[in-house]
Amino acid sequence: MTQDELKQAVARAAIDYVVAGEIIGVGTGSTANFFIDELAKIKHTIKGTVASSEATAARLAGHGIAVFDLNDVESIAVYIDGADEINAGGAMIKGGGAALTREKIVASVSKQFVCIADGSKLVDTLGAFPLPVEVVPMARAAVSRQLAALGGTPRLRLKAGTDQPFMTDNGGEIIDVLGLQIADPVALEQQINQIVGVIAVGLFAARGANVCLLGTADGVKKLA
Ligand code: 5RP
């Protein structure tokens with residue numbers, strides 16, 4: 001099976017976690033896109049969605065699925081999203097698609113987080129994937145120095161094909177931190193959150209996934 005077929009299989013399996021009559025939080029990225037396409041088939045059974053990015057909102061709306069502003073929503077039954085890395089405890093690195101801040105916000109108000117990923121995303125130790133950190137642009141250099149002091153190599157994410165910084169949906173910039181071996185994801189998340197100028201860090205450990213559906217050649221496996 002191709003990686004896309006594995007992503008499609010977990011996206012299909014995640015439909016079992018959609019709660020009828022409720023609002024569903026929807027993540028960002030290629031796996032989340034497959035999920036949106038599956039959700040479209042049962043859109044009449046849900047009240048609507050909250051999107052974690054402009055791209056996700058556009059795809060949901062394109063399918064005729066209602067998208068609510070988070071400020072108009074009291075609770076979200078379940079949040080379904082992909083990951084760049086996940087460990088057996090449900091801690092994740094996210095933000096390869098630059099949507100980490102809104103993903104974290106939507107996840108934080110959701111009763112359950114269901115991670116959907118192809119099997120290659122499961123790791124023993126987080127950190128081989130560069131850790132994304134969204135920052136206020138004027139703090140880019142100051143935050144980078146502090147991230148370097150934590151042992152990583154910070155690299156500013158650029159807009160594809162340019163030498164200009166990539167800009168997020170929130171007007172932030174992304175620093176990708178290479179070379180970290182994250183032995184204690186909860187502690188590192190806390191530490192990076194405390195750096196002034198950081199909007200959000202792509203470590204989802206204090207609030208990790210409650211369920212992880214992994215696409216493998218032997219079928220969809222559930223880590224819980
Ligand atoms: C976006 C994310 C994505 O969930 C993560 O990058 C995985 O993407 P994909 O499903 O395309 O492999 O965190 O900010």
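All ligand and atom numbering here is 1-based and tracks the order in the structure.
Numbered from 1 in the order shown, with element, the atoms of ligand 1 that lie under 4.0 Å from a heavy atom of Ala99 read 14 (O). Within the listing of ligand 1, atoms 4 (O) sit less than 4.0 angstrom from a heavy atom of Asp81. Residue Gly82 has at least one heavy-atom neighbour below 4.0 Å for each of these atoms of ligand 1: 4 (O). Near Lys7, meaning under 4.0 Å from any of its heavy atoms, are these atoms of ligand 1: 9 (P), 11 (O), 12 (O).
Geometrically, ligand 1 and Gly97 share a nitrogen or oxygen pair separated by less than 3.5 Å.
Under the 3.5 Å distance criterion, with hydrogens and angles disregarded, a donor-acceptor pair is assigned to the side chains of Ser120 and Asp118.
Residue contacts with ligand 1, taken as heavy atom pairs separated by less than 4.0 Å, involve Ala98 solely via the backbone atoms N, CA, C and O. No part of Pro132 comes within 4.0 Å of ligand 1, judged by heavy-atom distances.
Counting heavy-atom neighbours within 6.0 Å of Asp16 CG, excluding the residue itself, gives a total above 12.
Checking Glu85, Gln3, Glu103, Arg102 against atom 1 (C) of ligand 1, the nearest heavy atom belongs to Glu103. Taking all heavy atoms of Asp84, Thr168, Asp118, Thr28 into account, the minimum distance to atom 7 (C) of ligand 1 is reached by Asp84. Distances from atom 4 (O) of ligand 1 to the heavy atoms of Lys94, Glu134, Lys121 put Lys94 nearest.
Val10 is connected to Ile24 through a chain of hydrophobic side-chain contacts under 4.5 Å among Ile, Leu, Val, Met, Phe, Trp and Tyr, so both are in one cluster. Leu39 and Leu213 fall within the same hydrophobic cluster, where Ile, Leu, Val, Met, Phe, Trp and Tyr residues are linked whenever their side-chain heavy atoms come under 4.5 Å apart, directly or through other members.
In this structure, atom 13 (O) of ligand 1 lies nearest to the protein heavy atom Gly95 N, 2.8 Å. The single protein non-hydrogen atom nearest to atom 9 (P) of ligand 1 is Ser30 OG, 3.3 Å, given as residue, atom name and distance. Here the heavy atom of the protein found nearest to atom 10 (O) of ligand 1 is Thr31 OG1, 2.5 Å.
A cation-pi contact, defined as under 6.0 Å to the ring centre and within 45° of the axis, links Lys94 to Phe204.
Going from atom CD of Glu85 over to atom CG of Leu131 covers 9.5 Å, rounded to the nearest 0.5 Å. Atoms CD1 and OG1, on Ile36 and Thr31 in that order, are 11.0 Å from each other to the nearest 0.5 Å.
Tested against Asp37 for a side-chain hydrogen bond (donor to acceptor under 3.5 Å, both in side chains), the candidates Gln8, Arg59, Arg12 yield a single pass: Arg59. With Ile23 as the partner, the side-chain contact (heavy atoms from CB on, under 4.5 Å) test is satisfied by one option alone out of Val73, Asp72, Ile46: Val73.
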